[in-house]
2 protein chains.
Amino acid sequence: MPTIKDVAERAGVSVTTVSRVLNNRGYISEATRKKVYKAMEELDYQPNEVARSLFRKRSNIIGLIVPTVAHPFFAELTAYVETYAYSRGYKVLICNSQLDASKEQEYIWMLRRNQVDGIIMASHTLEVEEYRKLNLPVVTFERFISSRIPYVTSDNYQGGKLAVELLLARGCTKIAHMCGSLHLDMLANQRHRAFMDVAESRNVPFFTVETDINVFEIDKYEQMLLALLTEHPDIDGLFLNSDIMAIAAMKVCRKLGRRVPEDVKIIGYDDVSMASLVSPQITTIRQPLAEMSKLSVKLIENMVEGRPVEVENCLPVELVERETT
Amino acid sequence: MPTIKDVAERAGVSVTTVSRVLNNRGYISEATRKKVYKAMEELDYQPNEVARSLFRKRSNIIGLIVPTVAHPFFAELTAYVETYAYSRGYKVLICNSQLDASKEQEYIWMLRRNQVDGIIMASHTLEVEEYRKLNLPVVTFERFISSRIPYVTSDNYQGGKLAVELLLARGCTKIAHMCGSLHLDMLANQRHRAFMDVAESRNVPFFTVETDINVFEIDKYEQMLLALLTEHPDIDGLFLNSDIMAIAAMKVCRKLGRRVPEDVKIIGYDDVSMASLVSPQITTIRQPLAEMSKLSVKLIENMVEGRPVEVENCLPVELVERETT
DNA sequence: AGGCTTGTGTCAACCGGTTAACATACCTTT
DNA sequence: AAAGGTATGTTAACCGGTTGACACAAGCCT
């Protein structure tokens, strides 16, 4: 691989001059500039970002930790984050934690060793202390860790509220909410809070199904839903914490001969592409994933540049009514 | 951030000794080794991989270029590649080309500047010349570029054959295949070759629908399928080049009142998780994505280590019959 | 004529870590 | 006693690029 020395020789100038041209610093005549660019092209030279990173103490890399990028939500999140980050001059190292705390810790250490400029954490939270020691810009996604770590979230309470109110507006009289483990202090728990608040205020009987924190297995969702709907065949409204869970619910309903939305109305969450792809198309609470992703990157960038940032970054959600309600 | 110098001072040894301990090279007494590790822990020191990369001329980074990681197939591919690569000591830079040739070229340059050890290319191919100039291990995914660039693929012809034969075995008398643009020299075109060969050999009328190369828009799939099935209402078998297309086909059938599989039998491709999640569950040709991903990483690793590799790496496919046939 | 600006080169140090060569000291074995 | 092995330190160079300080030359303006 050609180096700056090769370019200098080819152009007949000094290494310092080539560096001046590369960085557009100092006095440079047009003739010299052209000569240097010509040499770079002839040698097919591109500056070594590793060497530059070492000197500048900045890698222009963002680490993105997700539970698994195979999950449609995190797949779309990753696509938005990378697309926007790249447009801002950043590269994205993707890490799949599989919701394993020790693996998450390993990734954090790896990202630290690789001098990433910042980390977008969309996975399980470690102890607060681990983040404090990082000395590195961190933005969490739908997770509150401490009042010193910025996080991007959407209005989860409003999302839960919109969902339950629609179920009730559509005539549901017995509803259920499937969510993650409520023992984990996640911002998404507010959806459940809203679910309960509204159901209780309207005297509507409700059930809660908590999936195990470490399970992304669709089979599990289906088993739990099957058990729920078998035990309570009069449940006529389901609110699920993701579109994927909603799809699983549709499948279980079909298996039980329960028509959607005639017999059971279903509302998912996120509004991933799959929600409008399947039939019937899923009514869902849309999180502004593109905006949230862009905001995550912006927060990292601001922190890297030393600009002040808000700790809480909450975006509005939107009810997207389709065919399952 | 603490450096090796800080560790040396804290441990009361030389930088060279710390380096000897870090790399387990040269004579080192147990007492000194303990002392150094203790200092590293006390200072929360981790070696700077950027500095190491510069010296070793190796970054342990693999660049993965996909059309978009938001697409379920590429999401799962990315998850497998990253998971396996990480277990082998590699980090993965994710790049979404959006099937834009100029963006693809930009990413290749970026990855080159960042001294990645290799590139797994799962996106649109550039001109062969661009790859030859790279001087860097490249493995393509489902794409043949030249006899000097290894590629990982599955038995596309067999996949097409299995699909059509199943359609015919299930009594289909008029079938259609939806695939990408056949003008692009893709290995997946062999599925269509098999589709035609079998249909022709059995005197079964068939149609082909080519999606525009640069479209991942589900709406387009639906429009094309709607037009096809409206114009040819007697088509009773559909073979589609991805499970996502298959889901779109199911949706269109539902819209037209065509029951699946009673009126129209559907076979997808890939066997992404979604294929078994939706209802009815999709019959599909399963590509061994986990193995293909692992193989991609192994090929990169072998090329990096200077070991000989096969150019053609073709894995078998498998018919997974579910509810749409 | 002198001062200022433009343009380029030289030199050295640095970013963090690696490593070869050699020096020194101590211990063990022949 | 001598040779070889163990253990640690010193020195210097390197990986590729950046950059400040200064030198030197040429041209322009006051």
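Order of the sequence lines sets the chain letters (A, B, ...), proteins ahead of strands, with each chain counted from 1. Bear in mind that the values here come from a model prediction, so they are computed numbers and not experimental data.
- Listed by residue number, Thr17(A), Arg20(A), Tyr27(A), Ile28(A) are the residues of residues 17-28 of chain A with a heavy-atom contact under 4.0 Å to DNA chain C.
- Thr78(A) meets the side-chain contact (heavy atoms from CB on, under 4.5 Å) test with Leu64(A), Val66(A), Val69(A), Ile94(A), Val69(B), Ile94(B); sequence neighbours excluded.
- Salt-bridge check for Arg33(A) with Glu30(A): passed, with a basic side-chain N closer than 4.0 Å to an acidic carboxylate O.
- In this structure, the CG atom of Asn48(B) is 18 Å from the P atom of dC15(D), given to the nearest Å.
- From Lys91(A), atom NZ reaches atom OH of Tyr107(B) across 12.0 Å, with rounding to the nearest 0.5 Å.
- In this structure, OH of Tyr45(A) is placed 3 Å from P of dG17(D), rounded to the nearest angstrom.
- For Thr16(A) and dC11(C), a side-chain-to-base donor-acceptor distance below 3.5 Å is present, hydrogens and geometry of angles not being considered.
- When the options Ile28(A), Asn23(A), Val21(A) are evaluated for a side-chain contact (heavy atoms from CB on, under 4.5 Å) with Arg25(A), the one that passes is Asn23(A).
- Between Leu54(B) atom CG and dG17(D) atom P there is a gap of 9 Å when expressed in whole angstrom units.
- Contact record, Asp6(A) with Met1(A): OD2-O, 4.3 Å, taken as the closest heavy-atom pair.
- Between Glu49(B) and Arg52(B) there is a salt bridge, since a side-chain N of the basic residue sits under 4.0 Å from a carboxylate O of the acidic one.
- Between Lys5(A) and the phosphate of dG17(D), there is no side-chain N or O to OP1/OP2 separation shorter than 4.0 Å.
- Between Glu42(B) and Lys38(B), at least one side-chain nitrogen of the basic residue sits less than 4.0 Å from a carboxylate oxygen of the acidic one, meeting the salt-bridge criterion.
- The side chain of Ser29(A) contributes an N or O atom lying less than 4.0 Å from OP1 or OP2 of dT8(C).
- Asp6(A) has its CG atom 9 Å from the P atom of dG16(D), to the nearest Å.
- Rounded to a whole Å, the CD atom of Glu49(B) is 11 Å from the C1' atom of dG16(C).
- Looking at heavy-atom distances under 4.0 Å, Val50(A) makes no contact with the nucleic acid at all.
- You'll find that the side chain of Arg56(A) is closest to dT18(D), out of dG9(D), dT18(D), dG17(C).
- Atom CD in Glu9(B) sits roughly 14 Å away from atom P in dG16(C) (whole-Å rounding).
- The interatomic distance linking Met40(A) (CE) with dG17(D) (P) rounds to 10 Å, in whole Å.
- The distance between atom CZ of Arg113(A) and atom C1' of dG16(C), rounded to the nearest whole Å, is 15 Å.
- Heavy atoms of Ser14(A) sit under 4.0 angstrom from at least one base atom.
- For Phe55(B) and Arg52(A), each mapped to the nucleotide of DNA chain D holding its nearest heavy atom, the one lying further toward the 5' end belongs to Phe55(B).
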